[in-house]
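Have a look at the structure below before the remarks.
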Amino acid sequence: MTKDDRDLLDVLRFELSFLEDGGYGRSPHSPWRAPSIFEDSPICPNFCDPARPHPCETCLLEKFVPEALRGESVPCRFIQLTEQGQTVDDFYRTGSQVELEQALANWLRAQIAKIEKERGVAAKIGMS
């Protein structure tokens with residue numbers, strides 16, 4: 001199993017940019033289905049490979065999946081995007097694509113800010 005050695009902050013920033021640039025719009029390759037959040041993103045270890053050869057535990061996003069749900073077939077669908085606990089899966093069942101993308105954008109911005117803050121504090125501590 002190959003470990004993903006990309007920087008989590010860079011991955012989250014890329015995902016936000018991908019989202020804001022319309023990356024989850026209808027694909028010309030499969031216009032009959034809405035794209036899947038995270039799964040149809042270049043950040044997914046199995047991006048563009050329907051055989052899904054890479055186990056989800058190699059994905060950097062696994063740290064955001066509640067431990068009890070990491071064994072699901074697509075664990076990233078259970079990342080909680082809102083303070084009320086709504087997950088990607090919840091939005092698929094009860095929300096619209098617009099609501100899902102807005103929640104995802106807010107979640108990504110919050111995670112990015114949190115990591116930047118943690119790293120800023122850590123950098124200052126290391127300098128003393």
Side-chain angles (χ1 to χ4, degrees):
M1 175 171 16
T2 306
K3 182 181 180 297
D4 190 337
D5 59 358
R6 295 176 294 174
D7 181 67
L8 179 60
L9 183 58
D10 290 341
V11 168
L12 295 175
R13 285 177 177 156
F14 179 87
E15 181 67 10
L16 180 59
S17 176
F18 178 76
L19 173 66
E20 291 175 339
D21 291 343
Y24 287 113
R26 297 270 183 200
S27 166
H29 302 289
S30 56
W32 58 89
R33 73 168 182 89
S36 298
I37 298 298
F38 299 131
E39 298 164 78
D40 288 330
S41 168
I43 69 168
C44 179
N46 293 306
F47 180 63
C48 287
D49 192 340
R52 298 183 57 179
H54 305 286
C56 290
E57 63 254 16
T58 65
C59 179
L60 290 173
L61 297 179
E62 187 186 40
K63 73 174 267 154
F64 298 109
V65 177
E67 195 151 338
L69 298 170
R70 291 183 182 171
E72 292 289 328
S73 62
V74 185
C76 60
R77 290 185 183 175
F78 299 96
I79 292 174
Q80 295 180 0
L81 300 180
T82 68
E83 290 181 15
Q84 295 77 29
Q86 290 174 291
T87 65
V88 173
D89 188 63
D90 292 329
F91 280 101
Y92 286 153
R93 288 189 273 131
T94 63
S96 69
Q97 186 73 14
V98 171
E99 291 170 322
L100 172 55
E101 289 186 19
Q102 185 60 52
L104 176 60
N106 291 339
W107 179 82
L108 287 165
R109 287 185 191 105
Q111 296 307 315
I112 290 166
K114 180 180 174 185
I115 294 169
E116 287 174 339
K117 182 178 178 184
E118 288 170 356
R119 290 184 181 181
V121 170
K124 290 178 185 175
I125 292 171
M127 294 172 53
S128 7

Nearest non-hydrogen partners of [X] and [Y], listed with the distance:
X     : Y      : answer
Thr87 : Phe78  : CG2-O, 3.6 Å
Leu12 : Gln111 : CD1-CB, 3.8 Å
His54 : Pro45  : CD2-O, 2.9 Å

Does the [X] side chain pair with the main chain of [Y], one donor and one acceptor, at a distance under 3.5 Å?
X     : Y     : result
Thr94 : Asp90 : yes
Tyr24 : Phe18 : no
Asp21 : Gly23 : no
Ser36 : Glu39 : no
Arg52 : Phe47 : no
Arg70 : Glu62 : yes

- Item | Evaluation steps, salt bridge (charged side-chain N to carboxylate O under 4.0 Å, His left out), between Arg119 and Asp7 | CA-CA 12 Å; Arg119 290 184 181 181; Asp7 181 67; 2.8 Å; yes

- Is Val88 linked to Val74 within one hydrophobic cluster, defined over Ile, Leu, Val, Met, Phe, Trp and Tyr using a side-chain heavy-atom separation of less than 4.5 Å?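 Not linked; separate clusters.
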
- Not counting sequence neighbours, which residues clear ring-ring contact (aromatic ring centres under 6.0 Å, His included) with Phe64? List them please. Trp107

- Item | Non-neighbouring partners of Tyr92 that pass ring-ring contact (aromatic ring centres under 6.0 Å, His included), sequence neighbours left out |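 Once residues adjacent in sequence are excluded, Tyr92 has no partner under the ring-ring contact (aromatic ring centres under 6.0 Å, His included) criterion.
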
In Å and rounded to the nearest 0.5 Å, what is the [atom1] to [atom2] distance from [X] to [Y]?
X      : Y     : atom1 : atom2 : result
Cys44  : Asp49 : SG    : CG    : 9.5 Å
Ile37  : Gln97 : CD1   : CD    : 5.0 Å
Leu69  : Cys76 : CG    : SG    : 12.0 Å
Leu100 : Thr82 : CG    : OG1   : 11.0 Å
Cys59  : Asn46 : SG    : CG    : 9.0 Å
Glu101 : Glu20 : CD    : CD    : 10.5 Å

- Message: Can you tell whether the side chains of Asp89 and Arg93 come within less than 4.0 Å, N to carboxylate O?
- Response: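 Judged by the 4.0 Å cut-off on N to carboxylate O distance, Asp89 and Arg93 do form a salt bridge.
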
- Got a salt bridge between Lys63 and Glu57, using NZ or NE/NH1/NH2 to carboxylate O under 4.0 Å? no

With side chains defined as the heavy atoms from C-beta onward, is the minimum distance between [X] and [Y] less than 4.5 Å?
X      : Y      : result
Arg77  : Phe38  : no
Ile112 : Glu116 : yes
Pro42  : Phe14  : yes
Leu104 : Phe91  : no
Arg6   : Ile43  : yes

- Query: Does Glu99 have any salt bridge (Lys or Arg N to Asp or Glu O under 4.0 Å) partners at least two apart in sequence or in another chain, and if so, which?
  - Reply: none

- Message: Checking Leu108 against Glu15 for the side chain to side chain contact (heavy atoms under 4.5 Å, CB included) test, could you report, in this order, the C-alpha distance in whole Å, the side-chain angles of both residues, the deciding distance, and whether it holds?
- Response: CA-CA 8 Å; Leu108 287 165; Glu15 181 67 10; 3.7 Å; yes

- Before giving the answer on side chain to side chain contact (heavy atoms under 4.5 Å, CB included), spell out for Val98 and Gln102 the whole-Å C-alpha distance, their side-chain angles and the decisive distance to 0.1 Å. CA-CA 6 Å; Val98 171; Gln102 185 60 52; 5.5 Å; no

